[in-house]
Number of protein chains: 2
Amino acid sequence: MPLYRQLAAILRGKIESGELAKGDPLPSESYLQQEHSVSRVTVRKAVEVLRDEGLVITLPQRGTFVAEKK
Amino acid sequence: MPLYRQLAAILRGKIESGELAKGDPLPSESYLQQEHSVSRVTVRKAVEVLRDEGLVITLPQRGTFVAEKK
DNA sequence: GCCCATTTGTACGTATGTATG
DNA sequence: GCATACATACGTACAAATGGG
């Protein structure tokens, strides 16, 4: 599995487990980069997956947040 | 060589030559941006290099200063 | 105490180049 | 050719703290 999908799976798990609650901000791109030792491109692709799944919402220049809906 | 390393080299030169003495503030990020026609990201990466080398210390909301130590 | 400019901190958006499988 | 992944580098926007007046 490509890195960005692995990272997406990790984040998805934290959302589904409730570790990241609705409305909570996801860790920032730069944090996720360092935390998982991947490039920003990879982080962004991972977040894009979750966005496409409707699990998170990204507010430009603000951050990405766990979506309210289920 | 990437731009940020080139800029870091320029600043390092000014420190080592004494043009920027210990305790002196470095030019601000916005000044360096305009002076060298680069983005703020590039300036910040250059300064980060010097910080990692221990040549400068950055005080949040104050500026970056030439380190006292050698 | 209050504005206001300056400066660094943070965060996302976008684009290009390079390399690998 | 294409997807993946890294690095570099541009921009925009806003937050937070400091210091001067």
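Per chain, numbering begins at 1; letters A, B, ... match sequence-line order.
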To the nearest angstrom, the CD-P distance between B/Gln33 and D/dA9 comes to 14 Å
Between B/Lys45 and D/dA9, does any side-chain N or O lie under 4.0 Å from OP1 or OP2?
no
Between CD of B/Gln34 and C1' of D/dC10 the distance, given in whole Å, is 15 Å
Sequence neighbours left out, what passes side chain to side chain contact (heavy atoms under 4.5 Å, CB included) with B/Gln61? Give chain and number order.
none
Scan for salt bridge (Lys or Arg N to Asp or Glu O under 4.0 Å) pairs involving residues 42-52 of chain A, sequence neighbours excluded, and state none if there are none.
A/Glu29-A/Arg44
Write down the atom of A/Val43, the atom of A/Leu7, and the distance for their closest heavy-atom approach.
CA-CD2, 4.0 Å
Rounded to whole angstroms, how far apart are CG on B/Leu3 and P on D/dG11?
12 Å
Strictly below 4.0 Å: does B/Tyr4 bring a side-chain N or O up to OP1 or OP2 of D/dT8?
yes
Taking ILVMFWY side chains as joined if any heavy atoms are under 4.5 angstrom apart, and letting links pass through other members, which residues group with A/Phe65?
A/Ile57, A/Leu59
Euclidean distance, atom CD of residue B/Glu48 to atom P of D/dA9 [Å, nearest integer]:
13 Å
Touch class at under 4.0 angstrom, heavy-atom based, for A/Thr42 against every strand present:
sugar-phosphate
Quickly work out the B/His36 NE2 to D/dC10 P distance and round it to whole Å.
12 Å
Nucleotide C/dT8, atom P - distance to CG of B/Leu50 in whole Å
13 Å
Tracing side-chain contacts under 4.5 Å among Ile, Leu, Val, Met, Phe, Trp and Tyr outward from B/Val49 reaches B/Tyr4
Nearest atoms (heavy-atom pairs only) where A/Val47 meets A/Val56
O-CG2, 4.1 Å
Specify the separation, in whole Å, of atom CZ of B/Phe65 and atom C1' of D/dT18.
11 Å
Please state how far atom CG in A/Leu32 lies from atom C1' in D/dA5, giving the value in whole angstrom units.
16 Å
Name every donor-acceptor pair, under 3.5 Å, that has one atom in a side chain of residues 11-20 of chain A and the other anywhere in the protein, sequence neighbours excluded.
{"residue": "A/Arg12", "atom": "NE", "partner": "A/Glu53", "partner atom": "OE1", "Å": "3.0"}
{"residue": "A/Arg12", "atom": "NH2", "partner": "A/Glu53", "partner atom": "OE2", "Å": "2.9"}
{"residue": "A/Ser17", "atom": "OG", "partner": "A/Gly13", "partner atom": "O", "Å": "3.2"}
{"residue": "A/Ser17", "atom": "OG", "partner": "A/Lys14", "partner atom": "O", "Å": "3.3"}
{"residue": "A/Ser17", "atom": "OG", "partner": "A/Glu19", "partner atom": "N", "Å": "3.2"}

Protein-proximity profile, nucleotides 10-21 of chain C, B/S/- by nucleotide at the 4.0 Å heavy-atom cutoff, equals BBBBB-------
